[in-house]
Amino acid sequence: QVHLVESGGGTVQAGGSLRLSCETSGRRVSVHGMGWFRQAPGKEREFVATISWSGDTTKYADSVKGRFTISRDNAKDTSDLQMNNLQAEDTAVYYCAATWVSGGSERPGDYTYWGPGTQVTVSS
């Protein structure tokens with residue numbers, strides 16, 4: 001079993017930055033692809049970014065490309081999401097997840113393990 005916990009959420013003004021962290025416990029996730037998703041009120045959960053087990057491959061949603069950066073540290077079993085130039089439309093609960101798809105995935109259904117989420121609010 002893998003347990004994930006996100007941290008780093010909060011309230012920031014438009015144009016600001018936040019760094020989300022995902023810490024794991026239990027089984028190691030170094031062989032898992034990792035992903036970040038978000039869900040705004042009244043909307044479905046959507047893909048934000050994913051990273052392969054090795055960290056060599058990343059993919060982003062078009063809406064965050066160039067502003068967000070996903071990374072991982074396999075020695076620490078963590079994954080971070082650096083978010084720059086935040087906009088009001090980035091307001092959502094952000095979730096960290098782990099998948100057995102080693103290259104990462106954009107599909108929520110591919111993920112086996114999920115964190116409880118952390119709130120990000122961007123004020124305009």
Minimum heavy-atom distance Ser124-Ala14, with the two atoms named: CA-CB, 4.2 Å
Does the side chain of Thr118 reach to within under 4.5 Å of the side chain of Val93, using non-hydrogen atoms? no
Restricting to non-hydrogen atoms, name the atom on Gly117 and the atom on Glu6 that form the minimum distance, rounded to 0.1 Å. N-OE1, 2.8 Å
Ignoring hydrogens and geometry beyond distance, is a side-chain donor-acceptor pair present between Gln82 and Asn84 at under 3.5 Å? yes
Side-chain (Tyr94) to main-chain (Ser7) donor-acceptor, under 3.5 angstrom: no
Of all heavy-atom pairs linking Ser17 and Asn85, the shortest is OG-N, 4.2 Å
Heavy atoms of Thr99 and Asp110 approach each other most closely as OG1-O, 2.7 Å
Looking at every heavy atom in both Pro116 and Leu4, which two are closest together, and how far apart are they? CD-O, 3.3 Å
Looking at Arg67 and Asp90, does any basic side-chain N land under 4.0 Å from a carboxylate oxygen? yes
Once salt bridge (Lys or Arg N to Asp or Glu O under 4.0 Å) is applied, do any residues pair with Glu23, and if so which ones, sequence neighbours excluded? none
So, taking the atom named CG in Leu18 and the one named CZ in Phe68, what distance separates them when rounded to the nearest 0.5 Å? 9.0 Å
Atom CG of Leu20 and atom CG of Leu81: how far apart are they, to the nearest 0.5 Å? 5.5 Å
With the 4.5 Å side-chain cut-off for hydrophobic clustering, are Val64 and Tyr111 part of the same group? no
Heavy-atom pair with the smallest gap, counting every atom of Gly15 and Gln87: N-NE2, 4.1 Å
Linked, directly or transitively: Val120 and Tyr95 (ILVMFWY side chains, under 4.5 Å): no
Roughly how far, to the nearest 0.5 Å, is the SG atom of Cys22 from the CG atom of Asp77? 9.5 Å
Backbone of Ser71 reached by a side-chain donor or acceptor of Ser79 within 3.5 Å: yes
Has the side chain of Asn74 got a donor or acceptor atom that lies under 3.5 Å from a matching backbone atom of Trp53? yes
Trp114, Val5: one ILVMFWY side-chain cluster at the under-4.5 Å cut-off? no
Holding to salt bridge (Lys or Arg N to Asp or Glu O under 4.0 Å), I want the full list of residues that pass it with Asp56, two or more places apart in sequence or in another chain. none
So, Arg19 and Asp80, do they make that salt bridge, N to O below 4.0 Å? yes
Does Thr57 offer a backbone N or O that forms a donor-acceptor pair with the side chain of Ser52 under 3.5 Å? yes
Is there a donor-acceptor contact under 3.5 Å from the side chain of Gln39 to the main chain of Glu44? no
For Phe47, enumerate each residue passing the ring pair (Phe, Tyr, Trp, His ring centres under 6.0 Å) test, keeping only those at least two apart in sequence or located in another chain. Phe37
Side chains of Tyr113 and His3, heavy atoms from C-beta outward: is any pair under 4.5 Å? no
Taking the side chain as every heavy atom from C-beta outward, state whether Arg72 and Ile51 have any atom pair closer than 4.5 Å. yes
Main chain of Ile70, side chain of Tyr60: is a donor-acceptor contact present, judged purely on distance under 3.5 Å? yes
Under the 3.5 angstrom rule, does the side chain of Thr50 hit a backbone N or O of Met34 as a donor-acceptor pair? yes
